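By convention in this document, chain letters (A, B, ...) are assigned in the order of the sequence lines, proteins followed by strands, and residues within each chain are numbered from 1. The figures that follow rest on heavy atoms only: side chains count, while hydrogens, waters and symmetry mates do not. None of the values given here were measured: they were computed from a predicted structure.
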2 protein chains.
Amino acid sequence: MRIGELSKRTGLSRDTIRFYERRGLIASEPEPGQTNRYRSYPEETVLTLELIGEAQDAGMTLADLTVFIAQLGADDSVDGEAFLDARIAEVEARIARSKRFLKTLRATRAALGRAAR
Amino acid sequence: MRIGELSKRTGLSRDTIRFYERRGLIASEPEPGQTNRYRSYPEETVLTLELIGEAQDAGMTLADLTVFIAQLGADDSVDGEAFLDARIAEVEARIARSKRFLKTLRATRAALGRAAR
DNA sequence: CAAAACCGTTGACTCTACTCCATGGTTTTG
DNA sequence: CAAAACCATGGAGTAGAGTCAACGGTTTTG
């Protein structure tokens, strides 16, 4: 699929998609048998981009994601376990802290609801 | 308490603390009866800074936090409920997406564990 | 077939959230 | 009391993650 469709399907701008490709997070091939220089992305790129979004929400950087995505493809990895263990611990901690903050947000909301009437 | 102690107790750099103060997230007073220009922070600033950390992990920006912290003190607020409801929804969504990513991380870790032996 | 809609590259620019001087004053300590 | 440790201000610089503009090809469409 071309970049315009991918953009529509993911909600990301074309520029963002090209930016991710320069960073090595996704890859395209030239359209087969075409002389234009248009990128063509495989269907699964939609899923990869959704994964990137989730990972960013979980606090991962694009640099981390470059490593992680490389590991998704590779069947073996020397330091992969250590890397993944570290990322898992980080994300777990971030979720826990986010939940604490959510409680504060809800408590504030409740207090405000009472004060308002 | 002076900035050095606050820095030690929160793990934040002095520069970061001063940066937050410029942004209006925390406040200091001059040390009472002193002629120096040293800041003096109340005890609760430690908690505020911890809150800021959690909020950032939850994906809030400092701009959002400025509004939120103002609301913590004010007993009434016109648009407060709408603001808080929006923030709560955002944070909930971000946590949900983070959890989805965490699953992917764990699955990858498991696959790698099996492939390694 | 021409206008509209797409696509590509390059390079500069923005925004957020810090971080790092340089310079100079104040406290603490051995 | 001098050196070390601490504090302040102002301004410049950095990193991460995009975003935008300019210019020029390619496809699609009425």
Within this structure, what is the [atom1]-to-[atom2] distance between [X] and [N], rounded to whole angstrom?
X        : N       : atom1 : atom2 : value
Glu5(B)  : dA5(D)  : CD    : C1'   : 15 Å
Glu21(A) : dT10(C) : CD    : C1'   : 16 Å
Asp64(A) : dA15(D) : CG    : P     : 17 Å
Arg18(A) : dT10(C) : CZ    : P     : 12 Å
Ile17(B) : dA17(C) : CD1   : P     : 17 Å
Ile3(A)  : dC6(C)  : CD1   : C1'   : 10 Å
Leu6(A)  : dG8(C)  : CG    : P     : 11 Å
Asp57(A) : dA17(D) : CG    : P     : 13 Å

Sequence neighbours left out, what passes salt bridge (Lys or Arg N to Asp or Glu O under 4.0 Å) with [X]? Give chain and number order.
X        : value
Arg97(B) : Glu50(A), Asp57(A)
Arg37(A) : none
Glu44(A) : none

Under 4.0 Å between a side-chain N/O of Arg39(A) and OP1 or OP2 of dG8(C), yes or no?
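Yes, because at least one side-chain N or O of Arg39(A) sits under 4.0 Å from OP1 or OP2 of dG8(C).
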Taking only residues two or more places apart in sequence, or in another chain, which ones meet Arg2(B) in a side-chain hydrogen bond (donor to acceptor under 3.5 Å, both in side chains)?
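With neighbours one apart ignored, the set is Glu31(B).
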Spell out protein contact along nucleotides 18-28 of chain D as letters: B when the base is contacted, S when just the sugar-phosphate is, - when no protein heavy atom is under 4.0 Å; keep the 5' to 3' order.
BSB----BBSS
Arg18(A) bridged to Glu21(A) by N-O distance under 4.0 Å
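Result for this pair is no, no salt bridge flagged.
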Between Glu92(B) and Arg106(A) (salt bridge meaning N to carboxylate O under 4.0 Å), is one present in this structure?
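Arg106(A) and Glu92(B): salt-bridged.
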Pairing partner of dC6(C) (Watson-Crick or G-U wobble, both distances under 3.5 Å):
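dC6(C) is paired with dG25(D).
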Nucleotide paired to dG16(D) in any strand shown, Watson-Crick or G-U, under 3.5 Å
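Check on dG16(D): paired to dC15(C), both distances under 3.5 Å.
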Which atom pairs, donor and acceptor, lie under 3.5 Å between side-chain atoms of residues 63-72 of chain A and protein residues at least two apart or in another chain?
from     : atom 1 : to       : atom 2 : distance (Å)
Thr66(A) : OG1    : Leu62(A) : O      : 2.9
Gln71(A) : NE2    : Ser77(A) : OG     : 3.3

